Number of protein chains: 2
Amino acid sequence: MSADKSAAATFRLLWETKESARSSLSVGGIVEAAIALADAEGLGAVSMQRVAGELGYTAMALYRHVPGKDQLVALMADRAQGNPPVESGKEWRTEILNWADAAWDFYLAHPWILRVATTGAPTGPNELAWFEALLRPLAQSGLATENLVATAMFISSAVRDLARIATEIVPSGSDYGNLLAQVIRPDRFPTLASLMTSGAMEDDGDVRPALDFGLNLILDGLTTHTS
Amino acid sequence: MSADKSAAATFRLLWETKESARSSLSVGGIVEAAIALADAEGLGAVSMQRVAGELGYTAMALYRHVPGKDQLVALMADRAQGNPPVESGKEWRTEILNWADAAWDFYLAHPWILRVATTGAPTGPNELAWFEALLRPLAQSGLATENLVATAMFISSAVRDLARIATEIVPSGSDYGNLLAQVIRPDRFPTLASLMTSGAMEDDGDVRPALDFGLNLILDGLTTHTS
DNA sequence: TCGACTTTGTGTACGTCATATACTCGCGCT
DNA sequence: AGCGCGAGTATATGACGTACACAAAGTCGA
């Protein structure tokens, strides 16, 4: 359960392609089964025993192919991420909006990815491909080279965490609003309170507009910067 | 380990202030001990047994005060968050930058907060106070009321996830760079590759500039919007 | 063709975890 | 004086990750 077990080993595993022929079990198969489980029942359902069981093997059999659970999860995350959207050839602004859109969809399709610990910087092939796919249109915006990475990180961070919020929101329903209303007194939270009475917080669980609006702010900022 | 056990109960616990007198153990004490543990050894070290042990009690004793571990963790998160920075009275731009600065510091001081599952929307008193403290200067920027919440969410999401990246980065050292270099071929990742050879990715573990730069882009966008 | 080595999967076992259930004690009230 | 209830304990259960020792089955050199 610790962090690594040699980060280098994990790295190699992420980029490994060939599978030894003489074995019914394979890294790819294990990872796929684990992803299916996570998609269906959440990350909590992914235990070595469950994954192995799903494949008709014992838990320990997995350890012949994967060094440990942390590594398996890392593989799952990169694999499930898949390929970034193809370039549309449109202007960089739409390209970036497309990217965010695709990332959003993919996070909502695999919400468990938002709960796995990463190594911070991108390391897997797919993770890197997504990063590249965001950098490319950004580079076309005329942004100075030394700020490219910073901006890409900022954008992808915002997308990711908004998706996290969107997927973590509990159905709650009316309960949450009522409880909040009791607690948000104008003396303690004046801005929030006025927003609440003015009805600006009606569409609460609706995180998506925050992404679009914020992203457009950034793109506006970018055009100012570079024009 | 499930999500809630009645979200309403958790909510009440978050806002509870009075403690029953006739008991050596208290919710406050438990939460404090758990926070100390998490600060010192990470969230992984926080088990009911460890926390209780630290206080000189058995694990089960905690259940007289806290419904379960998930609730304890929720309490820890809100408690550790503390109060937002006081208003400086400066212009809204600096106010927002101050806010981000303080949030950043606090995440780095309690990195485990970035790994606890929240309920999506803010619910605890401190969480709400931070949100309010961001909304206030934003409201002064002249931003339309209906976009206030969206913008605040966007900003706080970016800060949070950048902090997550910053704290998750493994010391790695030279290893990571070498391994990456082997794998980032210009044919597959042209933009990344050119950034790497141009040395623009030298300062890798340095996430903080991404926050400042991105934030300023947003603030620029805001001024364009509202002027 | 034979035997040794290697690779793959199994069986069992350990320590840790969250938490249910059933108890014991002692304080505060009547 | 005694009784009830609230606080803390003892013990147990089932799930977890994974170490270790083994077994079977395939590969390869002689």
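None of the values given here were measured: they were computed from a predicted structure. Below, read A as the first sequence line, B as the second, and so on, with proteins coming before strands; counting in each chain starts at 1.
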Rounded to whole Å, the NZ-C1' distance (Lys69(A) to dC17(C)) equals 13 Å
Met48(B) CE to dG15(C) P, in whole Å, measures 23 Å
* Under 3.5 Å: donor-acceptor pair, side chain of Trp130(B), backbone of Pro122(B) -> no
Checklist line | dC16(D) phosphate, OP1 or OP2, under 4.0 Å from Ser47(A) side-chain N/O | finding: yes
Here the distance between atom P of dG17(D) and atom CE of Met60(A), to the nearest Å, is 11 Å
Taken to the nearest whole Å, CG/Leu62(B) to C1'/dA7(D) is 12 Å
The single option from Leu138(A), Leu134(A), Leu135(A) that satisfies side chain to side chain contact (heavy atoms under 4.5 Å, CB included) with Thr191(B) is Leu135(A)
Under 3.5 Å, N/O pairs linking protein and nucleotides 6-8 of chain C:
from, atom 1, to, atom 2, distance (Å)
dT7(C), O4', Arg22(A), NH2, 3.2
dT8(C), OP1, Ser20(A), OG, 2.8

Separation of dT19(C) atom C1' from Gln71(B) atom CD, nearest Å, is 12 Å
Between the OH atom in Tyr57(B) and the CD1 atom in Ile30(B), the distance rounded to the nearest 0.5 Å is 9.5 Å
Main-chain N/O of Pro111(A) paired to Arg115(A) side chain as donor or acceptor, under 3.5 Å: yes
Is the closest basic N to carboxylate O distance between Arg79(A) and Glu32(A) below 4.0 Å? yes
Ala61(B) has its side chain closest, among dC17(C), dT10(C), dG8(D), to dG8(D)
Between OH of Tyr63(A) and C1' of dG11(C) the distance, given in whole Å, is 15 Å
Under 4.0 Å between a Lys/Arg side-chain N and an Asp/Glu carboxylate O for Arg50(A) and Glu41(A)?
yes
- Between dG17(D) and Gln49(A), is there an OP1 or OP2 to side-chain N/O distance shorter than 4.0 Å? yes
Atom CG of Leu72(A) and atom P of dT18(D) are separated, to the nearest Å, by 10 Å
